[in-house]
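Remarks on the structure that follows.
Convention: sequence-line order gives letters A, B, ...; per-chain numbering from 1. Here the structure is a predicted model, which means the values were calculated and not measured.
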Amino acid sequence: MTSSYLHAPGFIAGDRPKIVTSRFEYVDSYKIDRFIATGGYQGLRSALSRPAQTVHDDVKSATVLGRGGAGFPAGVKWGLTPQEVWPRYLVVNGDESEPGTYKDRLLMERDPHQLIEGCLIACYAAGLSQCFLYIRGEMAVAQERVAEALNEAYEAGYVGKNILGTNFSVDIVLHWGAGAYVVGEETALIESLEGNRGMPRLKPPFFPAANGLYGQPTIVNNVETLANLPWLMTNGVDAYTAIGTKTSPGTRMVAVSGHVVRPGVYEIVNGTTTFRDLIYGEEFCGGIRNGHALKAFVPGGGSAPWFTSDQLDLPFEGSQVGAAGSMLGSGAIMVMDETTDIPAAALTLTRFYAHESCGKCTPCREGGTWLERILSRVVDGKGTDADLAQLIEVGESICPGDFPHASNEALGLTAVPFPYKMTTICFVGPSAYVPVHSALTLFRSEFDARITKRTMIKVTAVGVSS
Amino acid sequence: MSTTESHNEAEIVVDPNAVSMTINGKSVTARKGEWIIAAADRTEDFIPRFCYHPRMESVGMCRQCLVEVEGPRGPMMVVSCMTPVAEGQVVRTDTDIVKRAQEGMIELLLANHPLDCPVCDKGGECPLQDQAFSHGPGESRYVEEKRHYEKPIPISGLVFLDRERCILCDRCTRFADEVAGDPLITFTHRGNNTQVMTFPDEPFASYFSGNTVQICPVGALTAEPYRFKARPWDLQQQESTCTTCSVGCRTVVQSSRDEILRYQGVDSDPVNWGWLCDRGRFNFQSTNSPNRLSTPLIKTESGLVAASWTVALDETARVLRHAQPGSIAILGGARGTNEDAWAWAQLADALGVDMRDAQLDDGLPAEIFGYPNATIDDACSAATVILLAPDLKEELPVLYLRLRGAAEKKKIRIIEITTHDSGLTRYAWKSLQYEPGHQAETVQQMLSTPEMQEQLGRGSVVVVAGRSNLSEAAHHTMAVVDTIATTVSQVSVLPVLRRANVRGALSLGLAPRGSTDAAAILEASANGKVDCLILLGADPLSDVPDADLARRGIAGARHIIAIDTFLNNSSAHADIVLPAAAYGEKDGTTTNLEGRVTNVAQSITPHATSRPDWMIAVELAALLDHDLDILTLQDIQTRITQTVGGFDGLSVSVAVRKNGILVSVPPISPLQVHHDAAVKRNAYEFRLVVARKLYDQAIGTAMSQSLAALAPGAGVFVHPHDLERVGAKDGSSVRVSNTTRSVILPVHASVAVTRGTAFVPFNQKGVDIRELLQATNGVTDVQIANIS
Amino acid sequence: MSRLTDAHVALANEIIGRYPRPKSALVPLLHLAQEQDGYITRDAMVHIGELVGVTSAEVYGTATFYEMFKFEPVGKYVVNICGTMSCALMGSEELMHHAEQRLGIKAGGTTPDGMFTLEHAECQAACTEAPCLQVNYRYRYRLTPADLDELIDDLSAERLTHEIPPHGTVAKVRQHIPSHRGVGVVAPELVTESPAWLNGKAAL
């Protein structure tokens with residue numbers, strides 16, 4: 001059965017393999033003594049007792065997928081740096097803010113040493129000579145826990161000069177943001193770390209691995225990705241790949257929120273667990289609240305096109321979810337039950353992305369807000385047919401061509417696979433359109449009803465009726 | 001004797017880095033590393049754009065220039081301003097999806113853009129307006145409330161910002177940061193609220209602010225002197241060359257109804273890359289000034305009174321005819337055209353005038369042109385640039401931009417030898433500060449260090465040489481230039497004398513004969529040896545560093561003839577004043593600091609009865625029975641081409657109207673090097689540094705109402721520790737004195753000033769520091785006393 | 001209007017010293033200024049520009065990009081109620097209405113006594129614990145209107161000062177790199193060689 005720890009709000013342990021959450025059961029899991037007593041820094045010792053290249057090779061052959069959203073293998077990413085260009089930097093992306101996502105904060109608050117150990121292994125393996133650990137500005141406790149852990153680790157000789165008495169020396173600098181979702185995008189993160197406005201750079205030419213922080217080769221890794229490395233080093237590649245599937249080995253942390261019986265953060269086996277397991281399984285969320293029916297769910301954070309019950313049996317695996325018209329993203333499922341006011345729910349996401357646009361490129365800056373305004377009018381019952389058509393028009397200015405969506409038997413829709421073409425620099429602009437497109441495609445009748453009725457519906461809540 | 005065609009289209013074809021690609025099915029040859037949009041600009045297929053600017057780093061943010069490029073997984077949509085060309089690349093700018101994207105972008109850009117084109121200064125020359133017609137959807141479906149901001153707000157004395165019109169293309173902000181190095185405007189706020197702003201209550205005080213107005217693709221930035229003055233379709237324009245300083249930036253002069261209304265920068269690859277400084281851009285106002293001289297003036301008992309040209313020229317001829325042989329002197333000529341200078345030199349030759357100097361003891365001797373000549377491009381691609389020059393940001397602003405850009409891109413290393421921090425100090429590889437008088441020592445020491453020797457051995461070395469300190473003798477700098485030129489290999493010299501056509505005037509016959517330079521002429525005049533002093537656009541009382549010498553020289557001249565556009569300090573003392581045509585009122589050519597001859601164009605008729613200088617010389621010669629056989633400007637150009645070495649390319653009139661032709665003239669006279677031993681300074685005293693700021697009381701600035709207020713005013717600047725030593729407060733008054741005289745000035749602390757020296761800006765409103773300067777002294781030491 | 005205090009300047013210089021380029025310290029220093037004054041003053045921006053070697057305009061451009069920085073005084077407690085999807089699905093709009101009524105201000109406003117500023121926030125990474133809010137960036141989860149009343153009572157009575165510092169202070173623990181342990185910073189252009197441990201041998 002499930003167990004939960006009050007000191008780790010939201011986390012539901014369950015009886016499953018644990019790679020990154022194994023210490024969450026301890027109240028003092030963030031202290032160095034507890035960390036060391038539970039095998040902490042053994043992965044680092046194991047790594048340092050081998051040449052750096054073999055550590056890198058292990059990470060590559062274990063196929064540790066990036067947990068930030070794109071799912072790119074970390075070992076391959078490390079290998080993209082140009083030959084003989086020094087110094088190289090590690091930037092840790094702890095700017096978790098994708099709607100629905102709640103995992104990196106837990107990892108930073110509950111097991112900061114594990115993250116530090118992961119950073120050290122990455123720096124050792126890829127020859128990165130300084131690490132910047134960027135934590136979202138609003139995460140006060142995560143900043144405190146990581147700061148304290150770093151202070152402990154420096155004093156204990158795990159970070160800094162001549163780590164464990166070796167020639168491996170690296171500083172880990174705690175850096176913190178100040179509130180901007182877009183900074184979670186890796187090039188914007190680098191801009192922010194350079195003291196600039198967090199506006200994404202164009203890739204190419206600014207692929208961080210070649211041209212990142214201060215123009216130097218830079219590896220940007222997500223917190224959860226790095227948190228996998230100590231276990232991998234301690235237990236070996238075979239043990240790691242024995243969990244999950246060949247293309248998606250290991251585990252993933254997934255946050256399931258919204259209208260389920262037991263919303264929570266779960267460490268699940270990668271690649272095999274299905275959305276049905278997660279939403280309805282007794283060891284997971286236990287179904288939809290109050291016996292209601294599922295209406296729709298967002299499978300991979302606010303940027304992901306929506307699924308309905310037609311997609312419940314898909315496993316939590318990138319390529320299958322992509323083919324079905326969405327993405328796994330950052331491990332965040334948001335569940336909407338039958339009471340949900342779909343246009344209003346879509347508006348909460350579109351408003352988010354419009355608000356979080358950095359303003360750099362035209363389609364996102366202008367298009368996001370335009371979408372929000374039209375949708376807002378529609379939700380307020382003041383929309384027209386032309387408004388609905390205009391939502392699509394604006395969307396096509398952001399994403400010309402076919403836009404991904406799920407199949408739907410009742411509506412006779414076949415899936416359009418992910419990804420989309422976009423006129424923007426990064427995915428924030430398209431993400432403002434994603435909920436509009438999904439909602440209009442799958443629940444058009446709800447929009448039509450708002451418009452044709454011409455009633456002045458005053459919506460005060462988004463499906464809160466129980 | 002070389003004539004160089006500097007712009008050569010054929011280079012593109014033979015480039016070994018050529019790549020072939022196709023754009024819309026047509027094959028195009030491009031250069032490796034070039035962006036797609038730049039390659040497309042050489043074809044007929046125009047790609048719309050707003051943020052892209054060929055002289056700035058691409059940012060790819062307006063997204064207007066999206067095109068499709070064939071990739072392994074089908075066509076990919078990319079921004080053409082930030083995607084490099086590649087061998088075999090297939091680019092399409094005309095597919096449905098590209099058109100959809102481009103139309104969508106225009107619609108999105110127009111969403112919040114006010115449709116106030118009829119009252120917008122940009123209307124008619126607006127890239128947004130033009131491209132909305134050529135690449136837009138034809139209508140806007142945006143029915144929401146547009147963004148509102150207070151409009152327009154002045155962000156400096158010269159520039160207004162209307163944030164509602166702004167499309168956030170990052171051109172102005174990028175220019176300020178990347179090109180000008182003055183990041184005083186920036187994006188603020190975020191997302192849909194993003195706007196361009198200064199720091200609250202801190203103006204966009206950049207010497208280059210006008211460029212942001214020119215490159216703004218909408219009417220968000222407007223220049224105060226042009227606001228609501230004209231519509232673009234009413235403007236006539238002539239391509240010309242700015243003659244505010246000797247950089248020689250290419251411009252277009254735009255006028256309407258016989259009035260100059262605006263200058264815009266033109267992109268000349270070897271010179272200004274399209275940029276202008278604000279002084280050069282806005283001082284056209286002086287041409288339109290009501291204070292211009294309208295008729296000749298003749299001194300009477302009741303002062304200067306208007307006279308006809310006939311009377312004035314007859315009177316001038318009479319004065320010249322009656323002058324003792326060898327007692328006529330000509331000062332000036334560097335502000336006119338090559339043709340003006342040549343005609344006056346011919347007249348001077350005819351009258352046997354030996355006393356002539358185009359400079360006013362405020363530059364370097366003409367011998368500086370005797371060293372191997374460097375161009376601006378040479379300096380910007382040299383391994384090492386040695387600055388022995390005034391603060392280029394203050395005196396030759398666009399040269400500063402070029403060098404700053406080259407240093408920022410790590411193309412050159414600058415070694416600066418200076419008396420105080422200059423605009424280029426922060427970009428210099430090494431900045432060596434010296435106390436006036438110790439320049440030679442500093443350079444000797446520098447040349448002896450292994451690090452410097454290694455650096456100077458890395459390739460070509462360009463010495464940028466000018467008069468950095470008006471209270472230090474010019475021969476100090478000359479000696480140092482000579483030392484470097486004779487001890488370092490691969491040296492060439494870029495002389496940075498300030499007045500626009502100083503190089504042309506000196507080359508075409510207005511250089512001193514022997515050692516009789518401006519100071520010597522004024523001394524002779526003070527001693528009663530000048531019967532007639534001709535001031536050819538020269539104002540010694542304002543410009544000669546030794547104020548007392550200038551005063552004595554003016555007082556001692558028996559007759560003074562002034563040819564000028566305004567009545568100034570010196571011409572007010574003249575017996576006869578002849579009104580000259582100003583810039584924009586006459587055709588001709590000018591020679592910039594590197595020896596590049598370009599045209600200046602007539603855009604409007606000369607003010608009132610004023611005439612070009614050359615015409616006055618020709619008429620006087622005729623009256624004096626020395627017919628120069630000149631009827632037209634073309635006659636002069638033909639004669640220059642035939643008779644002046646190096647100027648033979650002048651006949652290539654097309655070249656002169658583009659990037660110009662480079663002329664080189666043989667050394668005017670061999671250099672006499674004086675090596676003075678460094679003079680010791682009394683520890684209680686300050687060694688004086690006097691140099692120009694961009695804005696001062698120069699007539700073109702003072703008579704341009706939007707520039708006049710920008711001059712900082714007189715003051716003395718010392719290091720904060722020295723201010724403490726003096727016991728004065730910042731802003732309080734101090735007495736600055738040499739052994740014989742003193743002036744009272746406000747004092748300011750500045751860390752840019754070397755300890756033990758005092759910096760005083762030249763020719764500022766207020767007390768004149770020149771009272772303390774003596775031409776015969778190598779350096780000037782002063783005492784500073786707190787009097788408050 | 002205040003510049004950074006001497007103690008904060010010392011701290012600022014310590015922070016600047018951790019980065020190969022001083023400008024990287026800009027956001028941390030702005031936090032320091034906000035910690036000092038509760039919001040970012042004009043003088044603080046000028047001072048920070050001097051410390052990291054950029055113009056005030058550049059400081060301003062960076063500062064205004066980020067949500068957390070305030071340029072006018074705000075309440076001692078800034079209450080951020082999340083309104084993004086997961087929280088909206090679980091009733092955050094009711095919570096906001098309740099908060100507005102209880103505090104007598106609209107979202108974006110500050111109570112006349114200067115105690116509370118109420119803001120609509122976007123996703124705070126506590127989606128499973130919806131609806132959630134932050135008070136000066138300290139979480140409260142799964143709030144009912146009654147929970148909100150209790151929270152406001154506690155804050156008004158200063159019963160939570162041990163946990164929730166006044167607005168401006170985010171983390172109460174700072175990183176400190178002991179000088180004998182730190183590797184130190186080298187400007188990237190001065191690094192030409194690969195790190196010592198990339199020698200093909202095991203470090204341990």
Side-chain angles (χ1 to χ4, degrees), chain A residues 9-10 48-52 86-87 96-97 99-102 105 124 127 129 137-138 140 143-144 147-148 150-151 154 160-161 164 166-171 173-174 178-180 193-198 214 216 255 257-259 263-265 302 334 345 348-349 352 355 460-464, chain C residues 18-21 23-28 30-31 52 61-62 65-69 83-86 88-91 93-94 97 122-130 134 137-138 141 170-178 181-183 188 191-198 200-204:
Chain A
L48 296 191
S49 62
R50 290 181 297 142
W86 313 102
E96 178 175 63
S97 27
T101 314
Y102 171 30
R105 179 163 72 87
Y124 179 70
S129 46
E138 293 97 329
Q143 290 165 26
E144 288 171 356
E148 200 179 325
L150 280 170
N151 292 347
Y154 262 102
K161 232 186 280 184
L164 300 178
T166 67
N167 62 358
F168 174 48
S169 298
V170 68
D171 274 332
V173 173
L174 171 61
L193 184 51
E194 290 183 1
N196 301 326
R197 299 162 57 78
Y214 314 126
Q216 296 298 122
S257 60
H259 297 154
V265 184
M334 293 182 281
T348 67
L349 285 177
F352 174 88
H355 177 81
T460 55
V462 188
V464 78
Chain C
R18 291 177 197 156
Y19 299 94
R21 301 255 190 270
K23 196 182 179 189
S24 280
L26 202 57
V27 166
L30 285 162
H31 275 297
V52 303
T62 294
F65 187 83
Y66 298 95
E67 206 88 34
M68 290 171 75
F69 295 132
T84 317
M85 187 180 237
S86 301
L89 290 170
M90 301 303 287
E93 244 176 279
E94 280 78 6
H97 288 310
E122 297 293 357
C123 187
Q124 296 172 335
C127 309
T128 66
E129 310 309 296
Q134 287 186 326
Y137 308 105
R138 309 278 158 168
Y141 302 126
V170 185
K172 291 185 284 188
V173 182
R174 297 187 204 281
Q175 180 181 18
H176 174 65
I177 300 179
R181 291 287 316 132
V183 181
V191 179
T192 51
E193 287 179 358
S194 67
W197 64 89
L198 290 190
K201 293 184 208 143
L204 259 181

- request: Using non-hydrogen atoms and a 4.5 Å limit, figure out which bit of C:Ala126 sits close to chain A: side chain, backbone, both or neither.
  value: both

field: Geometric class of the C:Trp197/A:Tyr124 ring pair [parallel <30°, tilted 30-60°, perpendicular >60°]
entry: parallel

Closest-packed option against chain C by number of heavy-atom pairs under 4.5 Å, given A:Glu138, A:Glu194, A:Arg50: A:Glu138

task: Determine the option with the most heavy-atom pairs under 4.5 angstrom with chain C, choosing from A:Asn196, A:Val265, A:Val170, A:Leu349.
output: A:Asn196

- request: Check for a donor-acceptor pair, side chain of A:Glu96 on one end and backbone N or O of C:Ala125 on the other, with a separation under 3.5 Å.
  value: no

- request: Could you go through the side chain to side chain contact (heavy atoms under 4.5 Å, CB included) check for A:Phe168 and C:Leu198 one step at a time?
  value: CA-CA 9 Å; A:Phe168 174 48; C:Leu198 290 190; over 6 Å; no

- request: Could you verify whether a donor N or O on one side chain and an acceptor N or O on the other, from A:Gln143 and C:His31, lie under 3.5 Å apart?
  value: no

- prompt: When rounded to the nearest 0.5 angstrom, what is the spacing between CD in C:Glu122 and OG1 in A:Thr348?
  reply: 8.5 Å

query: If you look at every heavy atom in C:Cys123 and A:Pro99, which pair is closest and at what distance?
result: SG-CA, 3.6 Å

task: Among the options A:Ala255, A:Ala147, A:Gly258, A:Pro87, pick out the one with the most heavy-atom pairs lying under 4.5 Å from chain C.
output: A:Pro87

task: Might you point out which heavy atoms bring C:Pro195 and A:Gly127 nearest each other, and give the distance in Å?
output: CG-O, 3.4 Å

field: Minimum heavy-atom distance between A:Trp86 and C:Thr192, given as atom pair plus value
entry: CD1-O, 3.7 Å

task: Identify which part of C:Gln134 has an atom lying under 4.5 Å from any heavy atom of chain A, answering side chain, backbone, both or neither.
output: side chain

field: Contact origin within C:Lys172 toward chain A - heavy atom pairs under 4.5 Å
entry: both

task: May I ask you to decide if C:Val173's main-chain N or O and A:Asn151's side chain share a donor-acceptor pair within less than 3.5 Å?
output: no

message: Can a donor-acceptor pair be found, under 3.5 Å and without considering hydrogens, that links the side chain of A:Thr166 to the backbone of C:Leu204?
response: no

query: Do you know which of A:Pro51, A:Gly160, A:Gly264 has the most heavy-atom pairs with chain C at a distance under 4.5 angstrom?
result: A:Pro51

- request: Please name the pair of heavy atoms, one in C:Pro188 and one in A:Gln216, separated by the smallest distance, quoted to 0.1 Å.
  value: CB-CG, 3.7 Å

- request: Spell out, as yes or no, whether a donor-acceptor pair under 3.5 Å connects the side chain of C:Arg181 to the backbone of A:Tyr154.
  value: yes

message: If I measure from the heavy atoms of chain A, does C:Thr84 come under 4.5 Å with its side chain, its backbone, both, or neither?
response: both

- prompt: With only heavy atoms counted, which part of A:Arg105 is less than 4.5 Å from chain C, the side chain, the backbone, both or neither?
  reply: side chain

Heavy-atom proximity to chain A below 4.5 Å, by part of C:Pro178: side chain

field: Proximal component of A:Leu150, with respect to chain C [non-hydrogen, under 4.5 Å]
entry: side chain

message: Please check this pair: side chain of A:Asp171 against backbone of C:Gly182, looking for a donor-acceptor N/O pair closer than 3.5 Å.
response: no

- prompt: What's the spacing between A:Tyr102 OH and C:Cys127 SG if we round to 0.5 Å?
  reply: 9.5 Å

- prompt: Measuring heavy-atom distances to chain A, does C:Arg138 have an atom under 4.5 Å in its side chain, in its backbone, in both, or in neither?
  reply: side chain

- prompt: Would you find a donor on one side and an acceptor on the other, under 3.5 Å apart, between the side chain of A:His259 and the backbone of C:Leu89?
  reply: yes

field: Most chain C-contacting option - heavy-atom pairs closer than 4.5 Å, from A:Gly302, A:Gly10, A:Ser129
entry: A:Gly10

Options C:Val52, C:Leu26, C:Ile177, ranked by heavy-atom pairs under 4.5 Å with chain A, top entry: C:Ile177

- request: Answer with side chain, backbone, both or neither: which region of A:Ser169 has an atom nearer than 4.5 Å to a non-hydrogen atom of chain C?
  value: both

query: For A:Tyr214 and C:Ser24, does a side-chain donor sit closer than 3.5 Å to a side-chain acceptor?
result: yes

message: Quick check for you: among A:Ser97, A:Gly137, A:Gly198, A:Ala180, which has the greatest number of heavy-atom pairs under 4.5 Å with chain C?
response: A:Gly198

